Amino acid sequence: EVQLQASGGGLVQAGGSLRLSCTFSGFPSADYTLGWFRQAPGKEREGVSCFRDDGSTYYADSVKGRFIISRDNVNDAVYLQMNDLKPEDSAIYYCATDRSENWYSKCLYGGMNYWGKGTLVTVSS
């Protein structure tokens, strides 16, 4: 069974930084895409960033230039470095994964098959 565990959320002031981590296990194959999604109260879940197994990445326009996704295949982890945080970044952040087939669409629309429990990020103004 694929399992994911996200951590690193917390309270930070606007302009600050946070680094989210997600460890995963139980992958049936190596061809999986890892992604970060977020959902704020009253809003739909949105894809933030994804990292395909071949190194391809995706970033939502709202976070380009501020967030950086990285993947550690040795330690089975994916990270999201969030810089210059804004209040509108406040949300529950979820780590998710799925096989890399149609990975870009899955990142855009959140069609991942496996999800971890979210970690809360709160950015104060």
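Please read these numbers as outputs of a predicted model, since none were measured by experiment.
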If you look only at pairs with a residue in residues 54-63, which of them pass as a salt bridge (charged side-chain N to carboxylate O under 4.0 Å, His left out), with sequence neighbours excluded?
Arg52-Asp54, Asp61-Lys64

Do Thr57 and Tyr59 have side-chain heavy atoms sitting under 4.5 Å apart?
yes

In terms of side-chain heavy atoms, does Asn83 have a donor or acceptor partner in Ser17 at a distance below 3.5 Å?
yes

Close side-chain approach of Met82 to Val48, heavy-atom, < 4.5 Å
no

Residue pair Glu46 / Arg38, side-chain heavy-atom distance below 4.5 Å:
yes

Any carboxylate oxygen within less than 4.0 angstrom of a Lys/Arg side-chain nitrogen, looking at Arg66 and Asp89?
yes

Heavy atoms, side chains only, cut-off 4.5 Å: are Tyr114 and Glu1 in contact?
no

For Arg45, which residues count as a side-chain hydrogen bond (donor to acceptor under 3.5 Å, both in side chains) partner, sequence neighbours excluded?
none

Any chance the side chains of Ser90 and Thr122 put a donor and an acceptor closer than 3.5 Å?
no

Separation between NZ of Lys106 and OG1 of Thr97, rounded to the nearest 0.5 Å
9.0 Å

For Gly118 and Ile92, which heavy atoms make the closest approach, and how far apart are they?
CA-CG2, 3.6 Å

Can a donor-acceptor pair be found, under 3.5 Å and without considering hydrogens, that links the side chain of Asn102 to the backbone of Ser105?
no

Pairs satisfying ring-ring contact (aromatic ring centres under 6.0 Å, His included), at least one member in residues 75-97, at least two apart
none

Gln5 atom CD: more than 12 heavy-atom contacts under 6.0 Å
no

Minimum-distance pair of heavy atoms, taken over all atoms of Leu80 and Ser49:
CD1-CB, 4.1 Å

What's in the same ILVMFWY side-chain cluster as Tyr104, cut-off under 4.5 Å, chained through other members?
Tyr58, Trp103, Leu108, Tyr109

Taking side-chain hydrogen bond (donor to acceptor under 3.5 Å, both in side chains) as the test, write out the residues that go with Gln13, two or more places apart.
none

Worked verdict on Arg99 versus Asp31 for side chain to side chain contact (heavy atoms under 4.5 Å, CB included)
CA-CA 6 Å; Arg99 55 192 179 93; Asp31 299 332; 5.8 Å; no

Are Leu20 and Leu85 co-members of a hydrophobic cluster defined by side-chain heavy atoms under 4.5 Å apart?
yes

Can you tell me how far apart CD1 (Ile69) and SG (Cys107) are? Round to the nearest 0.5 Å.
8.0 Å

I need the minimum non-hydrogen distance between Cys95 and Leu4, along with the two atoms involved.
SG-CD2, 3.4 Å

Measuring from atom OG of Ser62 to atom NZ of Lys86, what distance do you get when rounded to the nearest 0.5 angstrom?
8.5 Å

Could you pull out the closest heavy-atom pair between Ala6 and Lys117, with the gap in Å?
CB-O, 3.9 Å

Measuring from atom SG of Cys22 to atom CG of Asp72, what distance do you get when rounded to the nearest 0.5 angstrom?
12.0 Å

Considering non-hydrogen atoms only, spot the tightest contact between Cys50 and Gly35 and give its length.
SG-CA, 3.6 Å

Measure across Gly47 and Ala60 and return the closest heavy-atom pair with its distance rounded to 0.1 Å.
O-CB, 3.3 Å

Is it the case that the ring center of Trp36 lies less than 6.0 angstrom away from the ring center of Phe51?
no

Applying side-chain hydrogen bond (donor to acceptor under 3.5 Å, both in side chains), name anything that partners Asp84, two or more places apart in sequence or on another chain.
none

If we only count heavy atoms from C-beta on, is the Asp98 to Thr33 side-chain gap below 4.5 Å?
no

